[in-house]
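Below is one structure, written out as structure tokens; comments come after it.
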Amino acid sequence: MILSRRRIAPLSNVGAWIGAVVLVMVVVIALVGPWLAPHSPDQPIAAPFTPPGSGHPLGTDFLGRDVLSRLLWGGRSVLLFAGAATTIAYAVGLAVGLLAGYSRSWIDPALMRSVDILLAFPALVFILLLAAALGTGIWSVLLATAVIQVPGIARIIRTATLEQSVRGFVEVAVLRGETTPSILRREILPNIAGPISADIGLRFTWSVILIASVNFLGLGLQPPAADWGVMVSENRGGLNLNPYAMLAPALILGALTVAINLVSDSLARRYR
Amino acid sequence: MSLAGVEHAGTAPPRAVERRRHHPVLRYAARRVAAGVLTLAVLSLLVFAATSVLPGDAASAILGKQAHGPQLQHLRAEMGLNHSIARQYGDWVGGLLHGNLGNSAAGYAAGGQVTVWSQISGKLANSAILALLAFLPIIAVSLLLGVVTALRATGWLDHVVSTLTLIPAALPEFVLGAVLLAVFFTWLNVLPPVSLIPPGANPLDYPSELVLPVLTLVGVSTGYAIRMIRAGMLDSLLSESVTMARLNGIRERRVVVRYAARNALAPSVQVFALIAQYLIGGILIVEYLYNYPGIGKELVDAVAIHDNLEVQSVTMLLATIYVAITIAADVVVMLLVPKLRTGGR
């Protein structure tokens, strides 16, 4: 069978649309959930690991707290910390990548070497190392999640910038006497915004997965925080009594990461 | 390689004969190993700085903040903390180079010297077994489905597989693990929720304890592997050499096996190296989830109890394996693709 490249074009955008709908739903749940919660996320309402029943449709957790209420509360921290880590990583990575790609000064080799070093590590091991150094807790995890992503982001921005910086309109801007910051902001940034938007989505997925994983390991957010990752971990003991205490936060977290991935995957294909 | 080329350009014939003695792949491997050692050296500085310099003192961490006087002095001397930072670093790296990972802080806390190696050797073997048991099915399934979907690209199987493989790649391991636990333990009740493998026992003697950890690792990473193998095979099938072979009237079977598959081998090796590296991070979560007595759970526990002496050595050990996999894959690719040996000048 002879194939042409055109015929193997990406599948339809159905996946991306499903992803977008799920993503909006999960984000809405995470943001407005606390106002909808029928119970307090911290107060026990029944015996531990009570199976689903009237008044508590997902049952109770290991301390007898309402799983549904904790689920509705637990999305904020996921979005907040992953969003913060991605923002910090992107702010630094963007600045370094733009400078490295445009000026091609000492920053460039320094960037490439630091990428090499950080690539010699599983990301999770790096986060654990920083947690060991700075003390466990969400702030070390947030910092580590941001730091581990900076070199990768910077390298992508650098490549995109390098491509743009040899274009005619950049040369014209230089001849006009524009300053470097203004060239970067007005000539280069708008032209690399497309590929960046797809990359931000992938990085955000990565941040969600990493931070949720460390929270699950018990080295990030600490109980009694209502957080989807923490909830999965703390309710492992009740699998045969009320599996939904563990399953519900796991499923909504999975829905979130898969949905972002579907959306950014289709964005990434558009700019390839 | 470019430097070597310049150096030998225009030299007399005897030099050229001498040059042949060093196989180009060997030279490439040596250079990659040297670069890897350099990376690890810089990494060791970072790891040491993170675990030893930043948060005060390991001895007072063991004895508690209020500890002082002779007890603290004694422990500091025993742990070698009286030496300068440079000397401590030198002792640690020197030990690592001799295969000595040092003593664990938990051991000092218990009042004796417990080597990190004695703590982790059994667990390292358990993790290796788990990783290998996951690695083999990932290779088999991804090669099979990757090649078949590439050969029948745009067929129904391709559509189904392409859609299905998008989902698990973005799942955290513990999310898939939670679903598997609910299905196979809570509802079907056929597999145990935790891996109760006694210390020193061979995990292979406990097959039902291994199923869920292996299934989780396979489930999370196979989708990615299939997609990458498919992409590599497709690239190869669409290349001009394959078109040329077809135009020459070579039988399709032979075209696929001798021309397309062979060219897709090199990218596949890189994919499997990535999978092997992924497994090092993946076992952290999976071992913790199922209480599997491996190196990943050991590291998480060491971080939780602030045993930084163990954390730094285990981290370096994992990083060394990680870098070794990268180098091994690059060298294998070099062996598989003769073109690369002369290219790149």
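Basis for what follows: all heavy atoms, side chains included, without hydrogens, waters or symmetry-related copies. In what follows, every chain begins at residue 1, and chains take the letters A, B, ... in the order their sequences are listed.
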May I ask you to check whether over 12 heavy atoms, not counting those of B/Trp156, lie within 6.0 Å of atom CH2?
-> no
So, the part of B/Thr326 with a heavy atom under 4.5 Å from chain A: the answer is neither
With respect to chain A, which residue among B/Leu46, B/Leu38, B/Leu181 yields the maximal number of heavy-atom pairs within a distance under 4.5 Å?
-> B/Leu181
Heavy atoms under 4.5 Å from chain B: which residues of residues 256-264 of chain A carry them?
-> A/Thr257, A/Val258, A/Asn261, A/Leu262
Check whether the ring centres of A/Trp228 and A/Phe216 lie less than 6.0 Å apart, and answer yes or no.
-> no
Would you check if B/Tyr290 and B/Thr216 make a side-chain contact, meaning some heavy-atom pair closer than 4.5 Å?
-> yes
So which part of A/Leu217 gets closer than 4.5 Å to some heavy atom of chain B, the side chain, the backbone, both or neither?
-> both
Side chain proximity check, B/Ile280 to B/Ile325, heavy atoms < 4.5 angstrom = yes
Look at atom CZ of A/Arg236 and say whether more than 12 heavy atoms of other residues, nucleotides or ligands are closer to it than 6.0 Å.
-> yes
For residues B/Glu298 and B/Glu310, determine if any side-chain heavy atom of one lies less than 4.5 Å from a side-chain heavy atom of the other.
-> yes
Between chain A and each of B/Ala182, B/Ala319, B/Pro172, B/Ala35, count heavy-atom pairs under 4.5 Å; write down the option with the most.
-> B/Pro172
So which of B/Val323, B/Leu299, B/Leu284 has the largest heavy-atom pair count under 4.5 angstrom toward chain A?
-> B/Leu284
Indicate yes or no: at least one non-hydrogen side-chain atom of B/Ile327 is less than 4.5 angstrom from one of B/Val33.
-> yes
Do you know which of B/Leu176, B/Thr243, B/Leu43 has the most heavy-atom pairs with chain A at a distance under 4.5 angstrom?
-> B/Leu43
Are a donor atom and an acceptor atom from the side chains of B/Ser127 and B/Tyr292 found within less than 3.5 Å of each other?
-> no
What pairs with B/Trp92 under ring pair (Phe, Tyr, Trp, His ring centres under 6.0 Å), at least two apart in sequence or on another chain?
-> B/Phe48
Side chain, backbone, both or neither: which part of B/Val47 has a non-hydrogen atom closer than 4.5 Å to chain A?
-> both
Could you pull out all donor-acceptor pairs under 3.5 Å where a side-chain atom in residues 243-251 of chain A meets a protein atom, sequence neighbours excluded?
none

With a 4.5 angstrom heavy-atom cut-off, which part of B/Tyr288 approaches chain A: side chain, backbone, both or neither?
-> both
Name the region of B/Leu40, side chain, backbone, both or neither, that has any atom closer than 4.5 Å to a heavy atom of chain A.
-> neither
Name the option with the most non-hydrogen atom pairs under 4.5 Å to chain A; the candidates are B/Thr186, B/Ile321, B/Val242, B/Leu171.
-> B/Thr186
Quick one: what part of A/Val125 sits under 4.5 Å from any heavy atom of chain B, side chain, backbone, both or neither?
-> both
Between chain A and each of B/Thr320, B/Asn189, B/Ile285, count heavy-atom pairs under 4.5 Å; write down the option with the most.
-> B/Ile285
Determine, step by step, whether A/Arg70 and A/Asp66 satisfy the salt bridge (Lys or Arg N to Asp or Glu O under 4.0 Å) criterion, reporting the C-alpha distance in whole Å, the side-chain angles of both residues, the deciding distance to 0.1 Å, and the verdict.
-> CA-CA 6 Å; A/Arg70 285 179 67 76; A/Asp66 181 36; over 6 Å; no
Would you say the side-chain atoms of A/Thr136 pair up with the backbone N or O of A/Gly220, donor to acceptor, closer than 3.5 Å?
-> no
Chain A contact via B/Leu318 - side chain, backbone, both or neither, heavy atoms under 4.5 Å = side chain
A/Arg65: salt bridge (charged side-chain N to carboxylate O under 4.0 Å, His left out) partners, not counting sequence neighbours = A/Asp61, A/Glu234
Option in A/Leu241, A/Asn240, A/Ile209, A/Leu239 with maximal non-hydrogen atom pairs under 4.5 Å from chain B | A/Leu239
